[in-house]
A.B. asks: 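Before anything else, here's the structure in question.
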Amino acid sequence: MTEIRLRFAPSPTGSLHIGSVRTTLYNYFFARQNGGQLVLRIEDTDQGRFDPRALDTIYDGLHWMGIRWDEGPREGGAFGPYVQSERLPLYQRHAEALVNDAAAYHCFCTKERLAAVRSEQAARGEITRYDRHCRSIPASEARERAAREKHVVRLKVPDDGEVAIDDLVYGHVSWPLRAIEDQVLLKSDGFPTYQLAVVIDDHEMRISHVFRGEDWLPSTPKHLLVYRAFGWEVPPHAHLPNVLGPDGRKLAKRHGATAVSEFHDEGYLPEALVNFLALIGWSPGSEDEIFTMQDLVERWRIDHVQRAGGKWDRDRLDWFDGIHIRRLEPDELVARLGPFVPKEWDRGLLRAVVPFIQERMRTL
RNA sequence: GGCCCGUUCGUCUAGCGGCCCAGGACACCGCCCUCUCAAGGCGGAGACCACCGGUUCGAAUCCGGUACGGGCUACCA
């Protein structure tokens with residue numbers, strides 16, 4: 001049996017979103033219950049959006065939640081580096097290999113031309129996609145121009161046929177190839193696009209199961225095509241339903257708190273947040289609902305994952321928080337209360353009073 | 001516009017052909033406990049299982065269509 005290895009890759013944009021934490025949790029449950037390895041990977045291929053504080057934020061948030069992993073930027077590991085911007089030569093080499101195999105090609109179109117093509121297509125009511133302008137440039141000429149002209153590398157997508165996946169959550173899903181354009185694999189700044197980097201990294205890092213948010217499902221055919229181009233085996237995939245805002249749309253800033261640090265600051269217990277989040281999109285199939293991290297590692301099952309997205313509900317989180325506060329030993333509660341109580345307050349008195357307030361607390 | 005996904009109480013969900021004229025939990029309401037507020041206990045209200053057809057002796061559960069919602073459609077991830 002091949003080794004179980006899962007990875008998670010919260011976007012390094014400066015705050016740790018609870019939606020990606022929920023996804024991380026599911027990766028964690030599955031890896032741990034199968035005695036597998038967990039990898040943290042930083043996907044910073046978009047230089048424009050990268051926030052240098054992100055690594056601290058991710059480490060602090062995940063650690064606070066009680067999530068531990070085996071390989072990552074700071075713990076190292078046999079398949080590093082774990083930061084994509086440090087793996088550039090790897091992606092470039094693979095992209096070149098694809099060009100040499102005639103599975104990909106150099107494209108010299110400017111952003112302006114691309115935008116013009118798109119707006120013309122839109123005006124005519126057509127599907128907006130790359131018109132394959134550079135696909136027919138002879139290989140030798142393309143290679144020569146590539147040596148001195150700014151360019152990207154695009155994947156040659158077959159004209160017809162289809163790609164399909166048997167998703168662990170959504171079942172059999174297929175896409176007609178005609179709906180997919182010749183994807184950019186390598187950007188003109190030498191960075192890979194996400195579509196290229198994930199496939200290479202998941203393969204190189206020997207990831208056995210890909211668990212990621214539902215919003216990635218539509219781009220899965222692009223990844224499948226890249227796997228196919230390299231001749232690599234596609235690992236089992238599971239797309240996980242999104243955590244939604246109260247209005248049913250993707251959870252975003254306008255919905256209020258979305259970062260784990262905010263819940264920490266508002267006095268929520270990580271145990272409560274874990275319990276609450278785990279139950280959005282998954283249920284044990286029974287009527288139990290109070291779970292510790294350990295319970296979840298034992299009981300979580302992929303086949304009980306919901307397909308529909310779940311809305312965020314503050315009242316329910318508050319209730320879970322009260323439950324977990326009451327489960328704490330008084331001394332432990334005093335310790336947790338520490339940062340939320342003025343320094344000059346007498347700790348002995350606090351300890352004496354805790355048993356009386358513990359019964360009625362909602363948050364710290 | 002195109003592609004893909006989804007749809008059970010306000011919310012999180014159970015349900016995977018008969019046990020369901022649909023169960024639990026949060027929130028809400030009432031009662032009990034109680035010096036107060038909570039917590040806890042008990043009870044209540046709340047879902048024509050989106051809609052329309054089909055398959056079947058029998059469908060929330062299987063199939064098709066429609067509607068609505070969402071996601072993706074970038075040299076973002």
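Note that these values count all heavy atoms, side chains included, but never hydrogens, waters or copies made by symmetry.
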A.B. asks: Scan every strand shown for a Watson-Crick or G-U wobble partner of B/C51, both distances under 3.5 Å, and answer none if you come up empty.
C.D. replies: B/G65
A.B. asks: Produce the list of close N/O pairs, under 3.5 Å, pairing protein atoms with atoms of nucleotides 71-75 of chain B; give distances to one decimal.
C.D. replies:
| from | atom 1 | to | atom 2 | distance (Å) |
| --- | --- | --- | --- | --- |
| B/C72 | OP1 | A/Lys250 | NZ | 3.0 |
| B/C75 | O2 | A/Ser188 | N | 2.8 |
| B/C75 | O2 | A/Ser188 | OG | 2.8 |
| B/C75 | N3 | A/Ser188 | OG | 3.0 |
| B/C75 | N4 | A/Cys109 | O | 3.2 |

A.B. asks: Any ring-ring contact (aromatic ring centres under 6.0 Å, His included) pairs touching residues 318-364 of chain A, not counting sequence neighbours?
C.D. replies: none
A.B. asks: Could I get the full list of ring pair (Phe, Tyr, Trp, His ring centres under 6.0 Å) partners for A/His209, not counting sequence neighbours?
C.D. replies: A/Phe30
A.B. asks: Flag the pair A/Arg7 and A/Asp202 as a salt bridge only when some basic side-chain nitrogen lies within less than 4.0 angstrom of an acidic carboxylate oxygen.
C.D. replies: yes
A.B. asks: Among residues at least two apart in sequence or on other chains, which ones pass side-chain contact (heavy atoms from CB on, under 4.5 Å) with A/Glu141?
C.D. replies: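 Expected list: A/Ile137, A/Pro138, A/Arg145.
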A.B. asks: Partners of A/Ala257 by side-chain contact (heavy atoms from CB on, under 4.5 Å), sequence neighbours excluded?
C.D. replies: A/Glu262, A/Phe263, A/Glu266, A/Arg314
A.B. asks: Applying salt bridge (charged side-chain N to carboxylate O under 4.0 Å, His left out), which residue pairs with at least one partner in residues 68-77 of chain A are found, sequence neighbours left out?
C.D. replies: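 Counting only pairs at least two positions apart or across chains, the salt bridge (charged side-chain N to carboxylate O under 4.0 Å, His left out) contacts touching residues 68-77 of chain A are A/Arg5-A/Glu71, A/Arg32-A/Asp70, A/Asp56-A/Arg74.
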A.B. asks: Roughly how many Å apart are B/A27 and B/C9, using the C1' atom of each and rounding to a whole number?
C.D. replies: 12 Å
A.B. asks: Can you pull out every salt bridge (charged side-chain N to carboxylate O under 4.0 Å, His left out) where at least one residue sits in residues 103-125 of chain A? Sequence neighbours excluded, please.
C.D. replies: A/Arg113-A/Asp131, A/Glu120-A/Arg124, A/Arg124-A/Glu126
A.B. asks: More than 12 heavy atoms of other residues, nucleotides or ligands under 6.0 Å from CG of A/Asp346: yes or no?
C.D. replies: yes
A.B. asks: Among B/G24, B/C4, B/U7, find the nucleotide with the atom closest to the side chain of A/Leu217.
C.D. replies: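 The closest nucleotide is B/C4.
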A.B. asks: Strictly below 4.0 Å: does A/Thr13 bring a side-chain N or O up to OP1 or OP2 of B/A77?
C.D. replies: no
A.B. asks: If a pair satisfies side-chain hydrogen bond (donor to acceptor under 3.5 Å, both in side chains) and one of its residues is in residues 225-236 of chain A, list it, with sequence neighbours excluded.
C.D. replies: A/His203-A/Trp232
A.B. asks: Please tabulate, one pair per line, each protein N/O and nucleotide N/O from nucleotides 30-41 of chain B that are separated by under 3.5 Å, including the distance.
C.D. replies:
| from | atom 1 | to | atom 2 | distance (Å) |
| --- | --- | --- | --- | --- |
| B/C37 | O2 | A/Arg360 | NH1 | 2.1 |
| B/C37 | N3 | A/Arg360 | NH1 | 3.2 |
| B/C37 | N3 | A/Arg360 | NH2 | 3.1 |
| B/A38 | O2' | A/Arg360 | O | 3.2 |
| B/A39 | O4' | A/Glu359 | O | 2.9 |
| B/A39 | O2' | A/Glu359 | OE1 | 3.4 |

A.B. asks: side-chain contact (heavy atoms from CB on, under 4.5 Å) with A/Arg249: which residues, sequence neighbours excluded?
C.D. replies: A/Asp247, A/Arg254
A.B. asks: Restricting both atoms to N or O, compile the protein contacts to nucleotides 9-12 of chain B shorter than 3.5 Å, with distance only.
C.D. replies:
| from | atom 1 | to | atom 2 | distance (Å) |
| --- | --- | --- | --- | --- |
| B/C12 | OP1 | A/Lys311 | N | 2.8 |
| B/C12 | O2' | A/Leu279 | O | 2.9 |

A.B. asks: Nearest heavy atom decides the nucleotide; on that basis, is A/Ser283 or A/Val173 closer to the 5' end of RNA chain B?
C.D. replies: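 Per heavy-atom nearest nucleotide, the more 5' residue is A/Val173.
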A.B. asks: Strictly by side-chain hydrogen bond (donor to acceptor under 3.5 Å, both in side chains), give each pair with a member in residues 186-196 of chain A just once, sequence neighbours left out.
C.D. replies: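 For residues 186-196 of chain A, and leaving out neighbouring residues, the side-chain hydrogen bond (donor to acceptor under 3.5 Å, both in side chains) pairs sorted by first residue read A/Gln195-A/His223.
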